[in-house]
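Read the structure below first, then the notes.
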Amino acid sequence: MDLDSDDIKYDPNHLLDTLIKQLHLKNDAALSRALEVAPPVVSKIRHRRLPVGASLLIRMHEISDLSIKGLRELMGDRRTKFRISDKQFKPKQDGAAAH
């Protein structure tokens with residue numbers, strides 16, 4: 001999926017700004033501390049170089065009490081289902097036999 005596609009109005013800034021306002025934080029650095037992530041993570045999300053991953057979405061839910069669905073809607077994700085690639089569940093083939 002292309003995050004810059006015209007079909008999807010993906011805007012992580014709205015999500016980040018809403019969290020900052022709701023949690024009464026001053027800036028992205030304070031948000032990164034609240035989320036327990038390094039400041040560059042928030043910066044990369046804001047500049048669309050890093051997607052909001054599932055673990056971060058869960059952390060946002062924990063600190064804000066907003067639903068996962070509500071958080072996804074704030075960033076423009078209107079999909080009714082989130083599908084995970086089946087490749088994520090396949091073991092890596094490294095050539096070594098397991099004993």
Side-chain angles (χ1 to χ4, degrees):
M1 174 178 301
D2 181 10
L3 295 180
D4 293 325
S5 165
D6 288 336
D7 298 333
I8 298 172
K9 303 298 183 220
Y10 175 75
D11 184 11
N13 292 320
H14 184 58
L15 170 63
L16 298 175
D17 292 340
T18 299
L19 287 172
I20 287 171
K21 184 176 178 182
Q22 180 174 339
L23 299 171
H24 307 289
L25 301 172
K26 290 185 178 187
N27 52 33
D28 285 355
L31 179 60
S32 70
R33 287 190 293 276
L35 293 171
E36 299 177 3
V37 297
V41 171
V42 174
S43 177
K44 288 177 182 178
I45 290 170
R46 192 172 286 283
H47 293 97
R48 299 181 187 201
R49 291 191 305 263
L50 184 69
V52 177
S55 59
L56 188 57
L57 201 59
I58 291 169
R59 182 70 185 132
M60 289 174 174
H61 161 68
E62 290 172 346
I63 67 170
S64 71
D65 282 334
L66 293 171
S67 70
I68 298 291
K69 182 178 181 181
L71 291 166
R72 287 176 51 219
E73 287 175 354
L74 283 172
M75 67 179 158
D77 186 352
R78 302 283 196 272
R79 296 173 292 177
T80 56
K81 291 184 179 179
F82 183 77
R83 292 182 176 84
I84 298 175
S85 168
D86 63 343
K87 291 180 184 176
Q88 290 178 315
F89 298 108
K90 292 182 181 175
K92 292 182 180 179
Q93 300 296 324
D94 61 1
H99 295 307

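The one candidate from Asn27, Val42, Leu15, Asp28 that meets the side-chain contact (heavy atoms from CB on, under 4.5 Å) condition with Ile20 is Asp28.
With sequence neighbours excluded, the residues forming a salt bridge (Lys or Arg N to Asp or Glu O under 4.0 Å) with Arg59 are Glu36, Glu62, listed by chain and number.
Side-chain contact between Asp17 and Arg46 is present, with heavy atoms from C-beta onward closer than 4.5 Å. Using a 4.5 Å cut-off on side-chain heavy atoms (C-beta onward), Arg72 and Leu66 make no contact. Side-chain contact between Ile45 and Leu56 is present, with at least one heavy-atom pair separated by less than 4.5 Å. A heavy-atom distance below 4.5 Å is found between the side chains of Leu19 and Leu71.
Closest approach of Arg48 and Pro12 over heavy atoms only: NE-CD, 3.8 Å.
Ser43 places no side-chain N or O within donor-acceptor distance of the main-chain N or O of Pro40, the cut-off being under 3.5 Å.
Summarising the geometry, atom CD belonging to Gln22 is positioned 12.0 Å from atom CE belonging to Met60; distances are rounded to the nearest 0.5 Å. Between Leu35 atom CG and Leu25 atom CG the span is 8.5 Å, to the nearest 0.5 Å.
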